[in-house]
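Beneath this line is the structure, given in structure tokens, with notes to follow.
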Amino acid sequence: MAPTHTSHAPSMEKLVKSLKGQPLEASIDAFIYLLKRRQVKGDDCAGATAHILRQVVAKSKWHDVEQLLFKVQSVGSRLVGAAPHEPVIGNIVRRVLGLIRDEASEERNAEDEFGSESASDIQTLAQVTGPPPAARPAPTPLARPPTLATAASFHASKSKSMFNLLSVVDAASAPLTAASTPLSQAAHTSINSLRPEVLDGIEEILDEINQADDQIAGFADIQIHPGDYVLAYLPSRTVERFLIKAASRRKFTVLFVSLEDSRSAAGEGAHAALRKKLDAHGVNTISLASNGLMAYMSRINKVVFSAKVVYQNGGLLVDSGASVAAQAAKAHSKPVIALGGVYKFCPEDPSDEIAGETGDSSTYVSYADGLKVDALEVENTVADYVPPELVDVYLTNLGPQTRHHLAAILADHYKAEDVGFSLIPGEV
Amino acid sequence: MSSKQSGRVAAASKSKKSGKSSTDEKAEDVLQAVVIADSFQDRFKPFTLEKPRCLLPLAGVPIIEYTLEALAANGVQEVYIYCGAHSEEIDNYIHESARFNPTSIISPFSTLELIRVTDATSVGDFLRDLDKRAIVSGDFIVVHGDLVTNVPLADALAKHKKRREANRDACMTMVLRSIGVEPHRAAKSRVIQPIFVVGLDDGRCLQYDELLPGESFDLDMSIPGEDYEIRADLIDCGIDICTLDILALWSESFDYELPRRNFLHGVLKDWELNGKMIYTEILDEGYACRASNLKLYDCITKDIIGRWAFPIVPESNFVHGQTFKRTMEGSCFEDGVITARGSSVKSSIIGSHSSVGDKTAVHSSVIGRRCKIGKNVTIKESYIWDDVTIEDGATIEHSIIANSAAIGKGVRVPNGTLISFRVRVGDGQKLPENPPARISLLTEGKMPSPTDASLVGPEGIGSLYQEPVDEDEDEEDDQKVRAAALEENSLMYSLGHLSLSSLSISTLASQDAYDSDGESNISGSPGPGVSSPGRLSPFEPDAFHGDAVHGLVDALRADDNEDFDSAKLEFMGLRLANNASDASMRRAIAVAFAHRAAELMSPEHGGLEPTKAAERAFTAKKGAVKFISEVGVGGDSKMLQAEFALALQKALLGIKGLEVLRAGALLAAMLQQLYNLDVLEEDGILTWWADKRAGEDDNLNKVKEKCRVLVDWLENADEEDDDDDEDEDDSD
């Protein structure tokens, strides 16, 4: 019998299954406690947040866009407050807020034949940009024809290569203002059509989140060359896919770094499945303890790890210890590749509070060790901050990016007025 | 009889989680839990005069919140809370709680019922009541209302289910946390030492006993199974996964009161009659502990601050309305906390709208909500609940101060003080240190007590809380039980308790069934059980003497090159624990060395000559000689030296199987050895020789006579430098 079936413990899967059957408030609260108990964490937060927000849009009562925005804002700020250590939740809330604003202005545009000046500006821009020249087709089916301004820029961004990305940078400020102006009139919008549109939009965000890892893996053979020595720091799901995809095309060597050198046996066990898969493709794997990392650095061609969040200055929030790897790489002038879907790009600046999150003391010192429990103050920092100058390439589902393009990507995905949404006091 | 109280069961439509999924799941798959919210104990008095234990705040949160959250985290659907005393308060709390209120749509439980059994006097009554009600079906979890845990129980539940399906008599699984053999603060915090005898291969619990300090463990030789461990390194977190059979067992034995001491012990003892099997699930990871006395309350709070119970940390804000955030230096503040610039707060938790004054130092403490802490206050390892005012210049060390109490200017609150609700201590008062005061407004009978102005000052309110005296204790156990109860009620760690637990366990009933290696984890099978019964039998059964001699002899026997220091430390620990007199120490040491020397002369150990045996006994271990001269003799005076020689003489006579004449020879050899090692001086030995007690009876005289040669030689040693005499010492 599968352990998931016998287990009574709540999980996100169970919650998603029961979403329809229970009141909205119960779902939100259940999710908040899943976050607090760390029963949902890391990369699963983004998708889970989208699921919950879809319920908010679908189930809550609202009569105009303002009300809907307020609902999403207040639920969003509760979720962010429940898990301040997972900034990606805030990203998804902002994406949904932006989506609602877009859809609302679209509705308004559809009613108003003339359209606002700024909107038509982008329209022309979108037409100029035209179909994306990048060979990879947009993975998510386009819900609407690309003539609609904001939607076009939104979707175009998904398949953008570095080449045409630069062209958007100039107009980056335009969609920000364009979407914010028409709100006052949006009240007239018929909410009947708005709801399914927004729900579809959230569905697309979910698709984007789910497919991000595969899309990132699609760039693996560009990044990894035959004969490379790749250092993977605490390989996450994203890094795993990336490496396996690369292994199917290239012959190279992977060095795994596990965090706990004292429990190396357990660490190897964790990556055993991945190592087996890589072995099957003929890729050599080597396990390292994190303290031996510097010695190998001269032999290594590139360092790969996944980001929890990419801040607007280009800094990363990563699993603790990855910062050391990045610094070692910098000292040896080796490129550092940070993997992470665009949904991890966060329009905030890094703060001490988040990077300084401390976790379970018993990760490093067993609680059974009475003398140490009494004598030691254990600080288990679960996350590290990697300053932007240590990162060379951000490999997203839209392709490789550099620090200079972050502003453009952020501008494409978030509305300026949603950046500080969690500060707006909300009540539900 | 028993009345059911306010079972406001959530409407079926609101039993959300089960709502949809239950259609394809069997009814049995709904997980049920019983919370025992009354412990029928006095350990938290005087606080529990006014509030039940499960509502006392631990790290700013009522303890029951931790318990209910743990149940919710494990997907429990139906919860039954049994309460006795203070049931109204618990009822109010639950119904005012935003989350656990049974009518709340956000409640993680589909059912939450409070059951009040008015005439219950023990946990046993609760469980017998539960049996009558027939509300539980299938497997259910029994926990206490003071449990703090982050352990996922899914594994234990699955194993229990598997065992039950394989054998219907596997009716209970206890979840225990291993804490290792090192002195752990959770182990020091408990007074009663639980001993589990656990089967090595299947984790079946074979015997259970509880030891009070100073008691020794009796291994039941009739227990089933081949290989088992005797474990004293376990925290009993009071989480039991039960089947209905357990309730039937409770009902059958109507006199069982305590789930462990009575029930578990009894069921295991009578396993041949009832055929029931109880298993253990021993955790090596995760956090689980019960705040079952003040010291454990202290320990758990420290663990939460130290993040050992993660994600149970203040900034997780598990209770609605909490706004804790982690700050620098390991502290957590809620919104609205004001700390003056000159203050220092380390490793502490401060609730909302509390203020801390200038130059005030707070360390490893918890401060509740809306507290006012003045200037120049020192607060160390203390737990201060809500709405407390502490005026300038007060010092508070390792104490608990309950809601709305007020501490005046410059008051010193020493280690272990308990200040109950609304007590007011006037300016400048110095509270007593030993024993620390327990101040309350109420007496044992919950009547207002008259203010004791000498204690709390003229403007103060409150008086010493008086412990009720129990008369109906058994005569012999009386003192031990009362001492243990006192210990349970105290926040202070007493030194004596620390060194006890591991030693007392190794002293099995047959006195020497196993070699005690100082660890509390002894494996064995019944085979080698009684190897040499009564080998140390001449020792009187007094706890100190037996344990001390045991420890020393073991240290002397050990083959390793370890210093004697650890044995010395253990010995001193025992001495402190038992408050042993110098004389009994001397006797113990003499007996130990005499025993060792006699042992070396026996054929199994090489049959050494008396001289060799004496030399080996004293010098084989580094530091042993120093130990004798410092602790055994205890000074330079000839009286003390004579006393030690006398003790040695008596000890040798007491050894079974050693003829008097050989004892005499050995005594002479030992005395000479001690003389050579500068432990005993000429004067000392001569004083002993002259002492009347050394020749009181026949045997003593015979032994003494054997030393005449030595004494003669000593007397003449100054005048004649004669070597010839030395050879004669050995002549038997």
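Chain identifiers are assigned alphabetically (A, B, ...) following the order of the sequence lines, protein sequences preceding nucleic acid strands; residue numbering begins at 1 within each chain.
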Count the heavy-atom pairs under 4.5 Å between each of B:I312, B:N150, B:I179 and chain A, then report the option with the highest count.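 So the answer, after comparing B:I312, B:N150, B:I179, is B:I179.
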Is there side-chain contact between [X] and [Y], with at least one heavy-atom pair below 4.5 Å?
X: B:H320; Y: A:D29; answer: yes
X: B:E285; Y: A:Y367; answer: no
X: A:N380; Y: B:F310; answer: no

List the atom of [X], the atom of [Y], and the distance in Å for their closest heavy-atom pair.
X: A:P10; Y: B:G75; result: CD-N, 3.4 Å
X: A:D369; Y: B:H184; result: C-CD2, 4.3 Å
X: B:A73; Y: A:A9; result: O-CB, 3.9 Å

For chain B, which residues from residues 38-48 of chain A have at least one heavy atom closer than 4.5 Å to it? A:R38, A:Q39
Calculate, to the nearest 0.5 Å, the distance between atoms [atom1] and [atom2] belonging to [X] and [Y] respectively.
X: A:K36; Y: B:E69; atom1: NZ; atom2: CD; result: 9.0 Å
X: B:W308; Y: A:S366; atom1: CH2; atom2: OG; result: 8.0 Å
X: A:S27; Y: B:I106; atom1: OG; atom2: CD1; result: 11.5 Å
X: A:H8; Y: B:L31; atom1: NE2; atom2: CG; result: 4.5 Å

Check whether B:R307 reaches the backbone of A:T358 with its side chain - one donor and one acceptor, N or O, closer than 3.5 Å.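 Yes; judged by distance alone, with no hydrogens or angles, the pair exists.
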Check whether NZ of the Lys or CZ of the Arg A:R37 lies under 6.0 Å from the centre of the six-membered ring of B:F318 and within 45 degrees of that ring's axis. no
Got a sec: does the CD of A:E377 have more than 12 other heavy atoms crowding it under 6.0 Å? no
Within a radius of less than 6.0 Å around NZ of B:K162, do more than 12 heavy atoms belonging to other residues, nucleotides or ligands occur? no
Is the shortest side-chain N to carboxylate O distance from B:R326 to A:E379 below 4.0 Å? yes
Which one of A:L34, A:D360, A:L35 has the most heavy-atom pairs closer than 4.5 Å to chain B?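 Answer, by heavy-atom pair count under 4.5 Å with chain B: A:D360.
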Most chain B-contacting option - heavy-atom pairs closer than 4.5 Å, from A:D374, A:I32, A:V373, A:L376: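 Ranked by heavy-atom pairs under 4.5 Å with chain B, first place is A:V373.
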Show which side-chain atoms of residues 153-160 of chain B pair as donor or acceptor with protein atoms under 3.5 Å away, not counting sequence neighbours.
from, atom 1, to, atom 2, distance (Å)
B:K159, NZ, B:E281, OE1, 3.3
B:K159, NZ, B:E281, OE2, 3.3
B:H160, ND1, B:T173, OG1, 2.7

What part of B:S347 gets within 4.5 angstrom of chain A, counting heavy atoms only: side chain, backbone, both, or neither? side chain
